[in-house]
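Naming: A, B, ... by sequence-line order, numbering from 1 per chain.
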There are 2 protein chains.
Amino acid sequence: MRSYKQFCAIAKALDVIGDRWNLLIVRELLLQQPCRYTDLHKGLPGIATNLLAERLRDLEREGVVSREEAPPPIATAVFRLTPRGQELKAILLELGRWGAPLMTEPDEQDARRGHWLAVPISLLVSDRTPDQPPVAIELRTGEDVITVETGDGKVHPRLGAAEKPDLVLTGPPQLLVGVLTGQLNLTTARAGGLQTQGNAKVLRRFRPEPAELPGGAEPLDE
Amino acid sequence: MRSYKQFCAIAKALDVIGDRWNLLIVRELLLQQPCRYTDLHKGLPGIATNLLAERLRDLEREGVVSREEAPPPIATAVFRLTPRGQELKAILLELGRWGAPLMTEPDEQDARRGHWLAVPISLLVSDRTPDQPPVAIELRTGEDVITVETGDGKVHPRLGAAEKPDLVLTGPPQLLVGVLTGQLNLTTARAGGLQTQGNAKVLRRFRPEPAELPGGAEPLDE
DNA sequence: CAGCATCCGCTTTGATACTG
DNA sequence: CAGTATCAAAGCGGATGCTG
């Protein structure tokens with residue numbers, strides 16, 4: 001936790017959550033809290049185990065993360081975000097929005113986790129016809145299963161299987177995202193290894209979100 | 001530029017702007033671009049000069065910053081944000097919003113720069129009576145001068161002196177912010193070293209922004 | 001002086017091994 | 001499972017030197 005020692009709100013924020021891995025730990029907790037230590041470690045490939053332990057102590061001391069000793073039956077602790085930690089969601093969403101265009105060229109070296117898809121999906125896609133009855137799509141990639149539901153104009157991803165999915169898509173992450181955003185048509189995606197099960201027409205419900213923000217030229221207004 | 005090697009939008013964003021100092025370099029450019037190397041160095045107390053040079057190269061390569069060789073008269077280069085870099089503004093604003101509550105206890109060790117105040121001011125304060133004629137307040141702290149103008153419901157801070165300020169406030173940063181947000185009354189602030197010049201009644205124009213966000217409990221929706 | 005590059009001592013990181 | 005211990009390598013901050 002090295003401080004920038006600058007009397008500036010942005011610098012103070014970075015003093016707390018700017019260290020390497022910190023924001024990704026928050027990402028994991030946002031996506032699947034409450035979390036055991038091992039769950040976090042699985043969701044953060046590449047982190048050294050001692051670093052994860054140290055970061056969790058730091059974030060706990062700063063009031064971002066809370067550690068609860070689980071009740072007697074289980075001999076383990078679970079981690080959650082405090083309300084203060086929850087407020088980091090806006091930052092994470094903006095980071096995800098800014099980083100989404102960098103996902104075009106999937107590096108073979110990159111680690112993949114299905115639940116990470118929840119970030120771009122809710123940002124990149126919306127419901128084209130909110131009046132129609134709700135729709136559920138199940139995405140399977142590797143061992144991860146996530147469900148995408150829509151019906152109110154927005155798209156809600158969550159971890160876990162759907163009860164009665166209208167459609168099940170199985171395949172590598174970038175194919176799933178490509179099909180949802182409409183950048184890839186089904187024929188191409190199937191040729192690339194996508195498997196579908198159910199009513200593929202429900203994909204028409206999804207519409208890509210406008211990608212670009214205005215990005216005003218004026219320095220720091222609004 | 002060490003990569004997390006995770007196929008995730010947030011991780012990809014952090015691969016580019018997550019390294020130490022990077023976001024503060026973007027802050028400086030947002031606040032006062034175009035910028036010479038030396039201007040950046042002044043606005044980033046604590047950075048090693050070689051690191052600043054290296055980071056600027058990195059950010060240029062990533063398409064966030066552009067370097068322009070100035071026309072013949074001046075023998076220096078100026079740095080700007082590219083449009084892609086401008087889009088980081090949303091992230092910086094969210095960071096500033098989250099970090100603002102950490103500014104309560106000013107550390108004597110902290111470096112201060114007047115223009116950093118522009119961040120919390122536009123986030124924390126709004127115009128109480130937009131119908132009234134516009135108002136300009138000049139803030140002086142150390143060697144920095146910033147002007148705060150309002151008149152349309154929002155508050156617009158910018159660097160430099162005001163033409164016809166209704167009020168000039170001189171003093172340490174936390175007093176200036178305290179008076180603007182209404183957390184400090186004038187009598188207390190004057191006792192703490194604030195100097196005022198002009199019509200102090202215009203301070204009634206400012207109203208603190210609602211501080212808290214809802215911070216929903218659901219993981220990553222909206 | 002502006003705009004770096006080099007060197008040096010220190011800290012942080014990441015990989016691995018080990019423990020209750 | 002949930003960490004701690006160890007260690008080589010990389011990164012960082014500070015000082016200094018070089019070039020126009």
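Of the options A:Arg112, A:Arg113, A:Arg27, a side-chain hydrogen bond (donor to acceptor under 3.5 Å, both in side chains) to B:Gln6 is made by A:Arg27 and by none of the others.
Within the 4.0 Å cut-off from OP1 or OP2 of D:dC12, not a single side-chain nitrogen or oxygen of B:Trp21 is found. Considering only side-chain N and O atoms, B:Arg55 lies under 4.0 angstrom from the phosphate OP1 or OP2 of D:dC12.
What separates CG of A:Asp39 from C1' of D:dG3 is a distance of 15 Å, to the nearest Å. Whole-Å rounding puts the B:Leu52 CG to D:dC12 C1' distance at 14 Å. Atoms CG (B:Asp19) and P (D:dG13) sit 11 Å apart, rounded to a whole Å. To the nearest angstrom, P of D:dC12 lies 17 Å from CE of A:Met1. D:dG3 atom P lies 10 Å from atom CG of A:Leu40, rounded to whole Å. Taking atom CG on B:Asp58 and atom C1' on D:dC12, their separation rounds to 14 Å, with Å as the unit. Distance B:Leu51 CG to C:dC10 P: 18 Å, rounded to the nearest Å. The nearest whole Å value for the distance from the CZ atom in B:Arg36 to the C1' atom in D:dG20 is 16 Å.
Between A:Pro101 and B:Arg84, the shortest heavy-atom contact is CG-NH1, 3.9 Å. Across all their heavy atoms, A:Glu94 and B:Ala90 have their closest contact at OE1-CB, 3.3 Å. The shortest non-hydrogen separation linking A:Asp39 to A:Gln32 is O-NE2, 4.5 Å.
For residues 14-33 of chain A, the ring-ring contact (aromatic ring centres under 6.0 Å, His included) pairs, not counting sequence neighbours, are A:Trp21-B:Tyr4.
Counting heavy atoms from C-beta outward, B:Asp58 and B:Val64 have side chains that stay 4.5 Å or more apart.
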Could you list the protein-to-nucleotides 4-6 of chain C atom pairs, N/O on both sides, closer than 3.5 Å?
from, atom 1, to, atom 2, distance (Å)
C:dC4, OP2, B:Arg67, NH1, 3.2
C:dA5, OP2, B:Arg57, NH1, 3.0

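Sequence order on DNA chain D of the closest nucleotides to A:Lys42 and A:Arg2 puts A:Lys42 first from the 5' end.
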Please evaluate residues B:Lys89 and B:Glu87 with respect to the criterion salt bridge (Lys or Arg N to Asp or Glu O under 4.0 Å), reporting the C-alpha separation (whole Å), side-chain torsions for both, the decisive distance (0.1 Å), and the verdict.
CA-CA 5 Å; B:Lys89 189 165 97 176; B:Glu87 287 174 22; over 6 Å; no
